[in-house]
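Accompanying notes for the structure given below.
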Amino acid sequence: MLNANELCKKTLSFSRDYFLIDMRRDRESFYALTEKDIAENPLCICGVVLNLFMDGELDQADRLIESLPHNQLMDFAKLGLLIVHPRITFKEFFGYLEYLKKNNLQMPNVVLTAGRPMILNGFNDFTRIGPLLQKHRQIFIDDLACLYEKSVCPAIYNLCLAEYFYQLDKTFDAEVLVSRTIKEFDKDSQRRLLFAALYLQTKILIAYGKTVDSESYIKNIRSYVKKTGEAEFSYNIDSAEVMTSFYEGNYALMNRWIKNSSPDEYADFNMLDLYRYMVKVRCYIIKKNYSAAVALLEKLRPLLDAGKRHMDLCELDLLLAITLYRAEKKDLAFDAFERALKIAKRRKYYRLIGDEGPAVLPLLIELIKQEDKSGFSKDYLMMLLEIARNMAVNHPLYLAEEHKGNISFSQRELEVLKLLEQGKSRGQIAECFFISENTVKFHIKNIFTKLEATSVTQAVWLARVQGII
């Protein structure tokens, strides 16, 4: 247990070599502080408040912020806490930045991303400012200079705009902008931003249908952040690696993460792990553990409601809809799906819906067949369907249910599988083994049945993922 003096020293070094994840590990020490400790080391209260933010105890955090003593140091600390407050409004956020700018003050220790792979949806949900980004470019850049090095503020603006364009399905515009930012962020002081830029870049590559090797991609990110701040990113880098692997159907990587690194929602539940929880829900869906997926999502809902995290609430209901649909609870699934679609339509989270590809495709198709009963225009649903369909075609294994690893194949079936992997036709395979094409078709039918596949491409992918070939 750390004493008040030690905690105060750590708090002073916050964001340089002491990060939110470290503050979380010291949570019990912060919560054990007495009134006397805080009176002697008032800066320690910042650690208490930030932990309350992570616990979702926002009302208690507000009372502590209001109780802060009034002096120059603590007024400055209070302003920093208000800037990262989970339910800060857009107007309040930029009002505080205008105050800093007017008084020629800087607050470089403020963490907006919190180690997460997004700028607009990091510690706070700023996705709603998207429409204003294009109209007020210079104002945004000038205000951001209160929190970041002035030289990189135009690049931060570009990354925010790229994230917004991506959600609008303007992937080319997003790609151009994010490519410009990576070089600007390739410096020790901007690792948080580089992580977000690289993550968006890989999402764009996936949207274009590219096969992204998740392990080599993440290795690239790790090489960038290792020198400074790996402790701040490691837990979310691991999760990003798993998230990327879903498009490959890499069950082995997923299972290692679940066993060794995934957050335990029944232990220290905290909002710093929000991105990781969303990844874990997808693992539950793949493993057909639907009750665990629903329980985790509903545990998150009140905290997301309190923080007014619109994008996360949209994702929550989307994943809930997919879970319930696969559990054959269709009425409940479409209730959740319609909630997600309402948020997505109002805030233009088109890719958030469409990126679920094969997992969301059947819900969209069924909703479109209901014609006017859904309450959504056909144009809106068809736009989402087009995004989801492209993702389903390019990434058919995304969130595919996990198959058993004890499937047995005959020697001939394994040989046929390997030739299919090489792109051989049924006729060529028949020639190779001096058998009829009907016999080849029989072997392929057995392969499909054992792998629960519906095409040669899917069968080859599943066989690779399970180490069969």
Side-chain angles (χ1 to χ4, degrees), residues 171 202-217 242-255 282 285-288 322 326 354-366 368-369 382 384-469:
T171 49
T202 203
K203 284 179 72 71
I204 293 168
L205 289 173
I206 291 169
Y208 280 151
K210 306 286 186 183
T211 300
V212 178
D213 184 335
S214 60
E215 295 188 55
S216 64
Y217 156 71
V242 176
M243 185 68 190
T244 308
S245 76
F246 289 147
Y247 294 95
E248 308 165 283
N250 190 338
Y251 299 133
L253 178 60
M254 176 190 73
N255 286 323
R282 289 173 170 87
I285 292 172
I286 291 170
K287 298 179 82 64
K288 296 186 272 190
I322 292 168
R326 292 191 179 183
D355 280 351
E356 296 303 310
V360 77
L361 198 59
L363 286 98
L364 282 168
I365 291 171
E366 201 163 323
I368 289 169
K369 286 179 179 177
M382 289 301 293
L384 298 177
L385 180 69
E386 184 65 23
I387 299 171
R389 186 162 49 204
N390 287 338
M391 292 293 285
V393 168
N394 291 315
H395 307 288
L397 294 183
Y398 178 76
L399 295 197
E401 293 178 347
E402 186 176 22
H403 295 267
K404 302 298 181 185
N406 57 354
I407 306 170
S408 62
F409 289 86
S410 69
Q411 184 61 35
R412 182 52 51 85
E413 286 167 350
L414 288 173
E415 291 167 345
V416 169
L417 251 175
K418 289 175 183 176
L419 291 175
L420 289 173
E421 183 185 24
Q422 295 167 23
K424 302 295 185 184
S425 68
R426 289 176 175 83
Q428 290 171 320
I429 294 172
E431 267 185 37
C432 181
F433 296 116
F434 297 101
I435 58 178
S436 69
E437 284 195 40
N438 282 336
T439 303
V440 173
K441 288 178 183 177
F442 174 76
H443 288 311
I444 291 175
K445 182 181 178 182
N446 286 341
I447 290 167
F448 281 11
T449 300
K450 291 177 180 180
L451 288 171
E452 297 180 35
T454 57
S455 69
V456 169
T457 302
Q458 188 183 22
V460 169
W461 265 101
L462 290 169
R464 284 176 182 167
V465 166
Q466 298 178 60
I468 296 164
I469 57 174

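Note that the coordinates shown come from a computational prediction; the quantities given were computed from them, not determined experimentally.
- A side-chain donor-acceptor contact under 3.5 Å links N255 and K287.
- Using modelled atom types, no side-chain atom of Y251 and backbone atom of F246 make a donor-acceptor pair closer than 3.5 Å.
- The shortest non-hydrogen separation linking R426 to V440 is O-CG2, 3.9 Å.
- Taking both residues in full, the closest heavy atoms of A388 and V360 are given as CB-CG1, 3.8 Å, listed atom of the first, atom of the second, then distance.
- Shown here are the salt bridge (charged side-chain N to carboxylate O under 4.0 Å, His left out) partners of R282, two or more places apart in sequence or in another chain: E315, E356.
- Using modelled atom types, one side-chain atom of K450 and one backbone atom of S408 make a donor-acceptor pair closer than 3.5 Å.
- Taking CG of L253 as the start and CD of E248 as the end, the distance is 8.0 Å to the nearest 0.5 Å.
- Looking at residues two or more places apart in sequence or on another chain, you find a side-chain hydrogen bond (donor to acceptor under 3.5 Å, both in side chains) between S436 and T439.
- For Y247, the ring pair (Phe, Tyr, Trp, His ring centres under 6.0 Å) partners two or more places apart in sequence, or in a different chain, are H395, Y398.
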- Decide yes or no on side-chain contact (heavy atoms from CB on, under 4.5 Å) for V416 and F409, but give the supporting numbers first. CA-CA 11 Å; V416 169; F409 289 86; over 6 Å; no
- Message: One pair to check against salt bridge (charged side-chain N to carboxylate O under 4.0 Å, His left out): E415 and R412. What are the steps and the verdict?
- Response: CA-CA 5 Å; E415 291 167 345; R412 182 52 51 85; 3.0 Å; yes
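- Summarising the geometry of A459 relative to I447, their closest heavy-atom pair is CB-CG2, 4.3 Å, with the distance given to 0.1 Å.
- A distance of 6.0 Å separates CG in L385 from CG in L361, rounded to the nearest 0.5 Å.
- Within 6.0 Å of the CZ atom in F433, the count of heavy atoms belonging to other residues, nucleotides or ligands exceeds 12.
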- Message: If you apply the rule side-chain contact (heavy atoms from CB on, under 4.5 Å), what do you find for D355 with I206, and how did you get there?
- Response: CA-CA 9 Å; D355 280 351; I206 291 169; over 6 Å; no
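- Q428 places no side-chain N or O within donor-acceptor distance of the main-chain N or O of K424, the cut-off being under 3.5 Å.
- Taking all atoms of both residues into account, the shortest heavy-atom contact from P396 to P358 is O-CG, 4.1 Å.
- Side-chain contact between F448 and T454: absent, with no pair of heavy atoms (C-beta onward) separated by less than 4.5 Å.
- Rounded to the nearest 0.5 angstrom, T457 OG1 and E421 CD are separated by 11.5 Å.
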- Query: How far apart are the C-alpha atoms of R389 and E386, what are their side-chain angles, what is the distance that settles it, and do they pass the salt bridge (charged side-chain N to carboxylate O under 4.0 Å, His left out) test?
  - Reply: CA-CA 5 Å; R389 186 162 49 204; E386 184 65 23; 2.7 Å; yes
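- Here the shortest heavy-atom pairing between A400 and I286 reads O-CG2, 3.4 Å.
- Taking CD1 of I429 as the start and CD of E437 as the end, the distance is 9.5 Å to the nearest 0.5 Å.
- Contact of the V460 side chain with the K418 side chain is not registered, since no non-hydrogen atoms from C-beta on lie closer than 4.5 Å.
- Taking every heavy atom of both residues into account, I387 and G354 meet most closely at CG2-CA, 3.6 Å.
- Note: S455 OG to I444 CD1 = 11.5 Å, rounded to the nearest 0.5 Å.
- Taken to the nearest 0.5 Å, the CG atom of L417 stands 10.0 Å off from the CG atom of L462.
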